[in-house]
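Below, read A as the first sequence line, B as the second, and so on, with proteins coming before strands; counting in each chain starts at 1.
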Amino acid sequence: MMEETRDFIRQIIDEDVKQGRYGGRVHTRFPPEPNAYLHIGHAKSILLNYRIAQEYGGKFNLRFDDTNPQKESAEYAEAIKEDLRWLGADWEDREFYASDYFEQLYVWAEKLIEKGKAYVCDLSPEEISETRGKAIRDGDRVITPPGTDSPYRERSVEENLELFRNMRAGEYADGAKTLRAKIDMAHPNLNMRDPVMYRILHAAHYRTGDAWCIYPTYDWAHGQCDAIEGITHSICSLEFENHRPLYDWFLEQLGVHHARQIEFARLNLTHTVMSKRLLLRLVREGHTDRWDDPRMPTLIAMRRRGYTPEAIADFMNRVGVSKSESVVEHALLEHCVRQDLNLRAPRRLAVLDPLRVVITNYPEGQEEMFDAINNPEDPAAGTRKVPFSRELYIEREDFMEDPPKKYFRLAPGREVRLRYAYFIRCEEVVKTPDGRITELRCSYDPTTRGGDAPDGRKVKATLHWVSARHAVCGVARLYEHLFGVENPLKVEEGQDWIDNVNPEALVTVPDCMLEPSLAEVEPGQRFQFERKGYFCVDPDSRPGAPVFNRTATLRDTWQKLRARNAT
RNA sequence: UAGGGCGUAGCCAAGCGGUAAGGCAGCGGGCUUUGGACCCGUGAUCGGAGGUUCGAAUCCUCCCGCCCUAGCCA
């Protein structure tokens, strides 16, 4: 029997459960700051935390880390909840906010002051930075000197208590004072050099309004929030590893529940960027339309583009969890959507770049219906009727006047199959005076009705097509990688990563010819346009004027062959 | 520089002292009324150097490379 491979986090939890740590309880959480939309990197964390809770029969909380009123909003919080719901991560009734704990955190802060473990400091941000042991350049060496004590470090408990209360009461200007933990200014871990716990900020908070003018820092809040909620395993990304000793110190001083923090490497993907700051710039400068522009790696955008939560979950599964920083190839993500959509997306015939074909020996005015299979992977999906007539559209790239070797499609004198219909042969090419091909005149073989020749002769290609008279016109938005290079942030000195934005990441095709069944579609519906890719109906669609977003292309060995020979 | 981490095939990633799983990509082939899907085949001695051991990717030592922190952001 194959042993299931368990990632290092699950191995740690297995052990904790076995040892009876936390009474065998497992309780995780996802702690977003409501200051931006979630991207696929967040999905890794969400699914990891949610699944672990499920697997161990534990609980999963959603907690908004809203300790910075200047950046956060209810709008973002709502969008984040929608993303979690879409992914299927159910926090049940456990929707929490760090801001709900402000009073408790304040009480705990006074407790630290009383213990002589925190003090009010009058140093400016610059002064604090200086005295914390700012890195110094010494020739080509960098030295990190020990920090020096703040002159306010030895204030009495009484004075600190009074000053801190005055801070809360709003007696000081923004930035005039801070509450700092009294730890060790010479500590090798910079986070332990008397970190700031509270800053004065006369700013309205989207949930607590003007109730507070001092706000806890993330470092002071996070561990205690976990403690309040009884979190057992506080899973976070690598950059917080350095902060763990500080969290440990706070919790120990307070003598409260202590979650076990486990850090993992966040997800990185090729051909895109994955930080809120960078994504924000793309939106602000108009390189993409909004957060839900299907070129974006945000969940709201991927949803619009046609990705399924199942594909994303499968992707996370395959990527795994570890501590080594890595960059996953976008191709793996694409593989996962294709795999999922292949099984469930109904097939349709759609011509993206139409070339008119006239079947010269097909009676004018005649038409007939062919049965088309909705999904060869799913017999239960049944069949549908597709109309055929004398004038059709085929894909422009499915014809070449002077085809290279290995090109199997239509060419002068060559015979191919029209899917579900007939064999046709190209008899004549009609062009404009300047050489542009406007029409193909072909003949069909009536005995090949349905697509098989009674004499057993074979064709090397099967083309998709749409009857001109019955075609529905629609828009297709063809998406490519947002960036043309694997690592957009890798730029020459003086260059801007934004220049790596791929101008062809979106190509809009205004006049696709679609089979009639595509006239009535609902936003969010997904299809496979045979031989072209997976497409999802965009909310911009109007009755009779559908708009489709290309989720992913199909694997295309011909394209690959061509690309290889071109280079 | 200090402190904290990471280093297994092109990209992820198992492995936890007994002689390198799996996936993606690539390549080759089969099948095919989607050049889709599906099926088959194909690659590494584990950052480097020493050492311990009958035996090391796994233990020890040293070295190299990369990342994180040095916000009153999270």
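A salt bridge links A:Arg457 with A:Asp445; the closest basic N to acidic carboxylate O contact falls under 4.0 Å.
Base pairing analysis places B:A56 opposite nothing; no Watson-Crick or G-U wobble pair with both distances below 3.5 Å involves it. In a base pair of the Watson-Crick type (N1 to N3 plus N6-O4 or O6-N4) or a G-U wobble (N1-O2 and O6-N3), with each distance short of 3.5 Å, B:C24 is matched with B:G10. With a cut-off of 3.5 Å on both Watson-Crick or G-U wobble distances, the partner of B:U45 is given as none. Under the Watson-Crick and G-U wobble criteria, each requiring two contacts below 3.5 Å, nucleotide B:A2 is paired to B:U69.
If you look at A:Tyr422 and A:Phe388, their ring centroids are closer than 6.0 Å. Taking the six-membered ring for Trp and the full ring otherwise, A:Tyr76 and A:Tyr37 have centroids separated by under 6.0 Å. The aromatic ring centroids of A:Phe370 and A:Tyr420 lie 6.0 Å or more from each other. Aromatic rings from A:Tyr119 and A:Phe164 are positioned such that their centres are separated by 6.0 Å or more.
Backbone-only contact: A:Arg555 has heavy atoms under 4.0 Å from sugar-phosphate atoms and none from a base. Nucleic acid contact class of A:Asn68 (heavy atoms, under 4.0 Å, all strands): sugar-phosphate only. Contacts of A:Val459 with the nucleic acid, taken as non-hydrogen atoms under 4.0 Å apart, are absent. As judged by a 4.0 angstrom heavy-atom cut-off over every strand, A:Pro376 is placed among the base-contacting residues. Using a 4.0 Å heavy-atom criterion, one finds that A:Phe240 contacts the bases of the nucleic acid, with or without backbone contacts as well. Here A:Glu33 lies in heavy-atom contact (under 4.0 Å) with sugar-phosphate atoms only. Residue A:Ile128 is in base contact, counting any heavy-atom pair closer than 4.0 Å across all strands shown. Residue A:Arg244 is classed as having no contact, given no heavy-atom separation below 4.0 Å to the nucleic acid. Residue A:Asp452 is in base contact, counting any heavy-atom pair closer than 4.0 Å across all strands shown. Nucleic acid contact for A:Asp65: sugar-phosphate only, since backbone atoms but no base atoms lie under 4.0 Å from a heavy atom of the residue. As judged by a 4.0 angstrom heavy-atom cut-off over every strand, A:Tyr407 is placed among the base-contacting residues. At the heavy-atom level, A:Thr178 lies under 4.0 Å from base atoms of the strands shown. Contact annotation for A:Arg417: base contact, defined as any heavy-atom pair under 4.0 Å involving a base atom.
At a cut-off of 3.5 angstrom, the base of B:G7 holds no donor-acceptor pair with the side chain of A:Glu325. Side-chain atoms of A:Gln528 and base atoms of B:U34 include a donor and an acceptor less than 3.5 Å apart.
Taking the C1' atom of each, B:A74 and B:C60 are spaced 40 Å apart, rounded to whole Å.
Both A:Ala331 and A:His243 lie close to RNA chain B; mapped to their nearest nucleotides by heavy-atom distance, the more 5′-ward contact belongs to A:Ala331. In terms of position along RNA chain B, the nucleotide closest to A:Thr144 lies nearer the 5' end than the nucleotide closest to the other residue of the pair A:Thr144 and A:Arg419.
Protein atom CG of A:Leu246 is 13 Å distant from nucleotide atom P of B:A70, rounded to whole Å. A:Ile12 has its CD1 atom 16 Å from the P atom of B:C16, to the nearest Å.
Residue A:Arg199 places at least one side-chain N or O closer than 4.0 Å to OP1 or OP2 of B:C73. A close approach under 4.0 Å does occur between a side-chain nitrogen or oxygen of A:Lys560 and OP1 or OP2 of B:G26.
B:G71: glycosidic angle within 90° of 0, hence syn.
For the residue pair A:His187/A:Arg193, the side-chain donor-acceptor check at 3.5 Å is not satisfied.
In this structure, of B:G28, B:U34, B:G71, it is B:G71 that holds the atom nearest to the side chain of A:Ser129. In this structure, of B:C12, B:G36, B:A25, it is B:G36 that holds the atom nearest to the side chain of A:Leu554. Comparing atom distances between the A:Thr67 side chain and each of B:A70, B:C12, B:A74 picks out B:A74 as nearest.
Cation-pi contact between A:Arg526 and A:Tyr534: absent, since separation from the ring centre below 6.0 Å together with deviation from the ring axis within 45° is not met.
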